[in-house]
Amino acid sequence: KWKARACANGAWIWDSYGYQTKAVDEDMYNSPVNFRAFRTTMMMAYLRKWCARQGDVAGAYLEADLKGPPVFIRLPQQLRPDTPAWKNTDDPFVKLVKALYGLQRSGFDWAAKLEKALKEQGYNKSHTEDGVFYNANATIVVYVDDLVLCTTRNIAEKAKKDLEGIFPLSFEDMGKFLGVRCHEKFNESPGMTNVRWEQVHYTKHMIDEFEATQGVVYKTASPDTRDPAPHANDDQPGVLDGRKWVGSLLYLSRCTRWDIAHAVGMLARKASKWTKKEDKALVRLMGYLKWTMEQGLEWTINPKDFEENELVLHMHTDSDLAGEIETAKSTTGFVVALRGRYGTRAILDWGSKRQTHIARSSGQAEMQALVDGLTMSFLFIIMLIEEIAPGLVFRKCVQVDNDAARLGLGNYRTSAMRIMARTHRVNLAWLHEMIYETKIFELGRVDTKVNWANYLTKAEHPGEFARQTQCVRKLDLEA
């Protein structure tokens, strides 16, 4: 479809003295909902047997009044009224009263108006995640002008009419959100539902564009970024646009394709120093995506786990030791998933990132991975679930495959632990308090063979990669 929209050139704003200005304060920003919060919110909705409706606000920014200092714009010739007063004016300009697209503070003013309107409707803004609003009977996820309403079927129609009475909003059944398609089907087991999130259209479009410029890519069985055939010219500058393709792959890996998170992360590290070695790695990764285009994020949901408080929130963390040869830094990997006694299985979040500091032992690397997983994902998911589902009682369990990391947190006052706390900027006392005193979560051990985060820290050959990803899909806890 085609759209026509008048936009302001927000980068070209001058004050009354003729100096270029930002016309916006540094603290004025609007952070849309992230996919971690979106997946958690949708999971809680399915467990409570709620329905989901997606909505879109037409011309969202134009619904908000422009705040801050007065802004005047020159009108293009095509938009000037056909009157003598305008024709006799050499340089006509008008004062803006609405948040026009392109202005730097328009997103902030729109978000403020939307937040005010939702609060007047009885919704509370989440203190944990931006873009999440909730009350006792409904939850709303907001990404700029795209909304997802989760509530019971009886309340859905009334909530839709209330929101449509405020904004030019159109709702429809949940089918696609930000390019991620949702497929629901009932399981053969009574009361269970399978939900699948996929980006097949996005992946196919990306591969077709890549092949149109670089030629046909051949299917591969794993996204291994290691070069099977090193060449003397590998250090020469690459010919592919690494930044462009890494940006597209990052969106894919953060939304649904957890299996390529490590490979994409390794390429992202080289985006500023792209060589022919990365060219070959990118081609192999595209070949893997071509082979597994239909894969996505799959959930199995049984509301009985929610009703009887039989849910367990798991996080597995792992790390390699000095896996990056150039810097001797390790890689953190973590997977957060929800499991239930009656069959609920759902991956909520995952991540693969280079650690900030150089670990001197595998225990230090594993402990840093634990801290990264807690502060980047696990604690936020706990707080969000407790906000939007206050009556739910569930266990929180963190598991690692390294005994030195577990024992180190139990006796964090040793000289080695004190040195790590200072050099790695890790608050070990805070971790010890959460585990052993306030008991916010349990800390346990998991076998390396069934550690869900193992594939996120290192490249594996196709056979081992297939075994590990199959383990993650089933969320097995035993080898």
Side-chain angles (χ1 to χ4, degrees), residues 1-35 37-38 54-121 123 125 129-133 140-149 160 162-172 176-179 247 251:
K1 59 183 180 180
W2 297 88
K3 291 183 178 180
R5 178 174 292 153
C7 298
N9 194 342
W12 293 84
I13 301 179
W14 288 270
D15 59 18
S16 57
Y17 297 99
Y19 294 101
Q20 192 169 356
T21 179
K22 291 183 177 180
V24 62
D25 295 334
E26 295 294 337
D27 59 344
M28 286 189 177
Y29 62 91
N30 175 32
S31 179
V33 69
N34 58 62
F35 271 91
F38 172 71
Q54 65 183 62
D56 178 71
V57 181
Y61 283 9
L62 301 178
E63 296 297 317
D65 296 329
L66 186 63
K67 305 295 184 181
V71 178
F72 298 86
I73 65 168
R74 290 185 175 91
L75 281 181
Q77 185 69 36
Q78 298 84 347
L79 299 181
R80 297 176 186 176
D82 189 14
T83 61
W86 282 91
K87 289 182 178 179
N88 296 330
T89 305
D90 295 334
D91 192 13
F93 60 90
V94 296
K95 179 182 177 181
L96 281 182
V97 295
K98 291 294 184 179
L100 197 64
Y101 283 85
L103 289 180
Q104 295 166 331
R105 64 169 298 137
S106 295
F108 177 82
D109 290 335
W110 158 246
K113 181 178 178 64
L114 179 63
E115 179 181 341
K116 180 181 178 181
L118 291 177
K119 287 183 176 179
E120 291 175 350
Q121 293 292 323
Y123 292 93
K125 184 178 181 180
E129 298 283 6
D130 293 322
V132 177
F133 298 84
I140 295 179
V141 175
V142 179
Y143 191 98
V144 191
D145 59 349
D146 293 309
L147 289 79
V148 175
L149 170 65
K160 284 169 53 180
D162 292 340
L163 293 174
E164 289 172 351
I166 304 173
F167 303 111
L169 188 63
S170 59
F171 274 103
E172 58 185 10
K176 183 176 69 171
F177 183 68
L178 300 179
Y251 184 70

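Along the sequence shown, residues carry numbers from 1. Values below: all heavy atoms of this structure, side chains included; hydrogens, waters and symmetry mates excluded.
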* **side chain to side chain contact (heavy atoms under 4.5 Å, CB included) evaluation trace for Gln121 with Ile166** => CA-CA 10 Å; Gln121 293 292 323; Ile166 304 173; 3.3 Å; yes
Heavy-atom distance under 4.5 Å between the side chains of [X] and [Y], does that happen here?
X: Leu147; Y: Phe133; result: no
X: Val144; Y: Val57; result: no
X: Lys95; Y: Val71; result: no

* To do: For Leu178 and Phe38, run side chain to side chain contact (heavy atoms under 4.5 Å, CB included): C-alpha distance rounded to whole Å, both residues' side-chain angles, the deciding distance at 0.1 Å, then the answer.
  => CA-CA 11 Å; Leu178 300 179; Phe38 172 71; over 6 Å; no
When rounded to the nearest 0.5 angstrom, what is the spacing between [atom1] in [X] and [atom2] in [Y]?
X: Glu120; Y: Asp162; atom1: CD; atom2: CG; value: 12.0 Å
X: Lys125; Y: Lys119; atom1: NZ; atom2: NZ; value: 6.5 Å
X: Asp145; Y: Leu169; atom1: CG; atom2: CG; value: 9.5 Å

* **Residues Lys113, Glu63: salt bridge by 4.0 Å N-O rule** => no
* Does Tyr101 reach the main-chain N or O of Ala60 with its side chain, forming a donor-acceptor pair under 3.5 Å? -> yes
* **Flag, side chain of Ser106 to backbone of Leu100, donor-acceptor distance under 3.5 Å** => yes
* Once the angle between the rings of Tyr143 and Phe177 is folded into 0 to 90°, is it parallel (under 30°), tilted (30 to 60°) or perpendicular (over 60°)? -> perpendicular
* Asked: Would you call the rings of Phe167 and Trp110 parallel, tilted or perpendicular, where under 30° means parallel and over 60° means perpendicular?
  -> perpendicular
* **Distance-only donor-acceptor check, side chains Asn34 and Glu129, under 3.5 Å** => yes
* Option among Ile73, Asp109, Leu66 that satisfies the side chain to side chain contact (heavy atoms under 4.5 Å, CB included) test with Leu103 -> Leu66
* **With Ile140, the side chain to side chain contact (heavy atoms under 4.5 Å, CB included) member among Leu149, Val33, Val132, Leu114** => Leu149
